[in-house]
Amino acid sequence: MTLQGKVALVTGAANGIGRGITERLLADGANIVALDVAAGALATLAEELGVGADRLEPVEADVSNRDDVRRAVARAVERFDGLDILCSNAGIADADPFLEISDASWRRIIDVNLTGAFHCIQEAARVMALKGKGAIVVTTSTNGFYVESNLAAYNASKGGVDALIRAAAIDLAWHGIRVNGIAPSMVKTRAAFITSDPVGSIEYLKRVPMGRFADPSEIAAAVAFLASDEASYVTGQTIILDGGLTLGIDMPMPQAPLPGSAKDSA
Ligand SMILES: NC(=O)c1ccc[n+]([C@@H]2O[C@H](COP(=O)([O-])OP(=O)(O)OC[C@H]3O[C@@H](n4cnc5c(N)ncnc54)[C@H](O)[C@@H]3O)[C@@H](O)[C@H]2O)c1
């Protein structure tokens with residue numbers, strides 16, 4: 001119970017990775033303010049995770065809206081008397097060929113993924129700074145540096161999030177607040193539709209040395225570490241959780257001795 005008595009705000013908590021983070025932080029002892037736009041999924045979250053209203057406070061809110069985020073942070077203070085941890089995780093994507101990306105789609109993705117993370121970090125840090133302590137973990141993506149086709153707005157938003165993590169880490173260190181990131185590649189969630197596509201998933205997994213997709217619980221384990229005092233001297237870092245996807249271009253070498261190699265000359 002490394003987070004016993006801590007209070008965490010998790011955004012995008014009702015589904016996928018955010019739900020996995022919420023489940024893990026609850027198991028580690030934290031009380032949770034669960035923020036999401038999805039009112040229906042949020043309403044049943046506590047019951048589905050087997051906790052009462054004393055441990056989980058749902059807040060219907062949109063991270064792209066400053067007032068919504070401020071309200072969620074205030075709720076943490078009212079309900080649980082403070083805020084120790086922020087998991088800024090809510091995110092969206094559209095898949096479009098570059099020449100067909102609309103202004104509306106571009107703006108919405110930047111508003112939610114990048115500006116939303118900025119709102120959450122700033123509002124949470126204002127409260128954390130009063131105590132001189134806090135831990136922030138932002139969900140970015142391997143797409144921030146290892147871009148994929150037809151996802152330009154998403155790639156760009158996550159590149160911005162990567163820079164935001166490092167910038168916030170430098171600026172907030174003086175307030176005792178650590179800011180780190182997690183960068184998954186493909187995690188089994190509804191948003192990562194390829195994970196449930198029988199043909200697409202086989203093709204995708206050819207690029208993944210570990211040969212499988214991540215489970216949200218595996219991403220949540222890294223969040224739990226970065227959010228805990230076990231990571232007390234870690235800031236501005238992003239843990240990549242990709243089963244080896246971005247280690248290199250996987251070009252299998254022939255099994256036979258290479259010309260001029262040790263085996264060749266033996
Ligand atoms: N699934 C993956 O393979 C993968 C890989 C890398 C990074 N990520 C990132 O992980 C995060 C979570 O993705 P996921 O796969 O769990 O997606 P998901 O769609 O399963 O869950 C996202 C949740 O965020 C909520 N949300 C969306 N817009 C919101 C907003 N404006 N305000 C508040 N809540 C909002 C949704 O309602 C949903 O509950 C995102 O930032 C995503 O970019 C996902």
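All ligand and atom numbering here is 1-based and tracks the order in the structure.
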No-hydrogen, no-angle side-chain donor-acceptor test under 3.5 Å, Ser105 and Asp94: yes

Check if His119 has a non-hydrogen atom at a distance under 4.0 Å from any atom of ligand 1.
no

inquiry  = Is it the case that ligand 1 has an N or O less than 3.5 angstrom from some N or O of Met186?
reply    = no

**Request:** Check step by step if side-chain contact (heavy atoms from CB on, under 4.5 Å) holds for Ile92 and Arg108.
**Result:** CA-CA 9 Å; Ile92 55 170; Arg108 184 66 188 149; 3.7 Å; yes

Under 4.0 Å between heavy atoms, the region of Leu35 that gets near ligand 1 turns out to be side chain

(request) Could you tell me whether Ala192 and ligand 1 have an N or O pair separated by under 3.5 Å? (result) no

query = Do Ser64 and ligand 1 have an N or O pair less than 3.5 Å apart?
reply = no

Rounded to the nearest 0.5 angstrom, the CD1-CG distance for Ile136 and Leu172 is 6.0 Å

*Would you say Lys158 contacts ligand 1, with heavy atoms under 4.0 Å as the rule?*
yes

protein heavy-atom neighbour closest to atom 25 (C) of ligand 1 works out as Asp36 OD1, 3.3 Å

Review point. Does Arg24 reach the side chain of Val223, with side-chain heavy atoms less than 4.5 Å apart?
Key: no

- prompt: Does Ala93 come within less than 4.0 angstrom of ligand 1, counting non-hydrogen atoms of the residue?
  reply: no

The option among Gly20, Ser185, Ser141 carrying the non-hydrogen atom nearest to atom 4 (C) of ligand 1 is Ser185

Taking only non-hydrogen atoms of Ala38 and a 4.0 Å limit, the atoms of ligand 1 in range are 37 (O)

As a quick check of understanding, evaluate side-chain contact (heavy atoms from CB on, under 4.5 Å) for Asp229 and Lys6, giving each step before the final call. CA-CA 11 Å; Asp229 290 342; Lys6 304 263 189 196; 3.8 Å; yes

Query raised in the report: Among the heavy atoms of Phe213, does any lie under 4.0 Å from an atom of ligand 1?
Result: no

Nearest heavy-atom approach of Asn180 to Arg178 is ND2-NH1, 3.4 Å

Min over Val59, Thr139, Thr140 of heavy-atom distance to atom 10 (O) of ligand 1 lands on Thr139

The answer for which part of Glu60 has a heavy atom under 4.0 Å from ligand 1 is neither

Here the pair of heavy atoms bringing His119 nearest to Val63 is ND1-O, 2.9 Å

Between Asn89 and the options Thr11, Thr139, Thr140, the side chain to side chain donor-acceptor pair (under 3.5 Å) test singles out Thr139

Per-atom filter on ligand 1: closer than 4.0 angstrom to a heavy atom of Arg108 are 31 (N)

Nearest non-hydrogen protein atom to atom 24 (O) of ligand 1, with distance, is Gly12 CA, 3.3 Å

Counting heavy atoms under 4.0 Å, the part of Val37 that contacts ligand 1 is both

Of all protein heavy atoms, the one nearest atom 42 (C) of ligand 1 is Tyr154 OH, 3.6 Å

the protein heavy atom lying closest to atom 32 (N) of ligand 1 turns out to be Val63 N, 3.0 Å

When every non-hydrogen atom of Ala129 is compared with those of Ile177, the smallest separation belongs to N-CD1, 3.9 Å

Output for pair (Glu123 CD, Asp68 CG), nearest 0.5 Å, gives 11.0 Å

N/O of Ile17 under 3.5 Å from N/O of ligand 1, yes or no?
-> yes

If you scan protein heavy atoms around atom 27 (C) of ligand 1, the nearest is Ile92 CG2, 3.8 Å

Logged contact type for Ala61 with ligand 1, heavy-atom cut-off 4.0 Å, is backbone

Strictly below 4.0 Å, N to O, side chains only: are Arg19 and Asp36 in salt-bridge contact?
no

Atoms of ligand 1 under 4.0 Å from any heavy atom of Gly16, numbered from 1 in the order shown, are 16 (O), 20 (O)

Atom 22 (C) of ligand 1 sits nearest the protein heavy atom Gly91 O, 4.3 Å

Discussion item. Determine whether Ser141 and Tyr154 satisfy the following criterion, side-chain contact (heavy atoms from CB on, under 4.5 Å), listing intermediate values before the conclusion.
Written reply: CA-CA 9 Å; Ser141 166; Tyr154 182 73; 3.6 Å; yes

Of all heavy-atom pairs linking Cys87 and Leu25, the shortest is SG-CD1, 3.8 Å

Logged contact type for Thr189 with ligand 1, heavy-atom cut-off 4.0 Å, is side chain

Heavy-atom nearest pair, Leu26 first then Arg55, reads O-NH2, 2.9 Å

In this structure, CZ of Phe118 is separated from CG of Asp111 (nearest 0.5 Å) by 13.0 Å

Here the salt bridge (charged side-chain N to carboxylate O under 4.0 Å, His left out) pairs for residues 74-87, sequence neighbours left out, are Glu57-Arg75, Glu57-Arg79, Asp84-Lys131

min-distance protein heavy atom vs atom 31 (N) of ligand 1 -> Asp62 OD1, 2.9 Å

Note: ligand 1 atoms sitting under 4.0 Å from heavy atoms of Ala90 are 33 (C), 34 (N), 35 (C), 41 (O)

The closest protein heavy-atom partner of atom 38 (C) of ligand 1 is Arg190 NH2, 3.4 Å

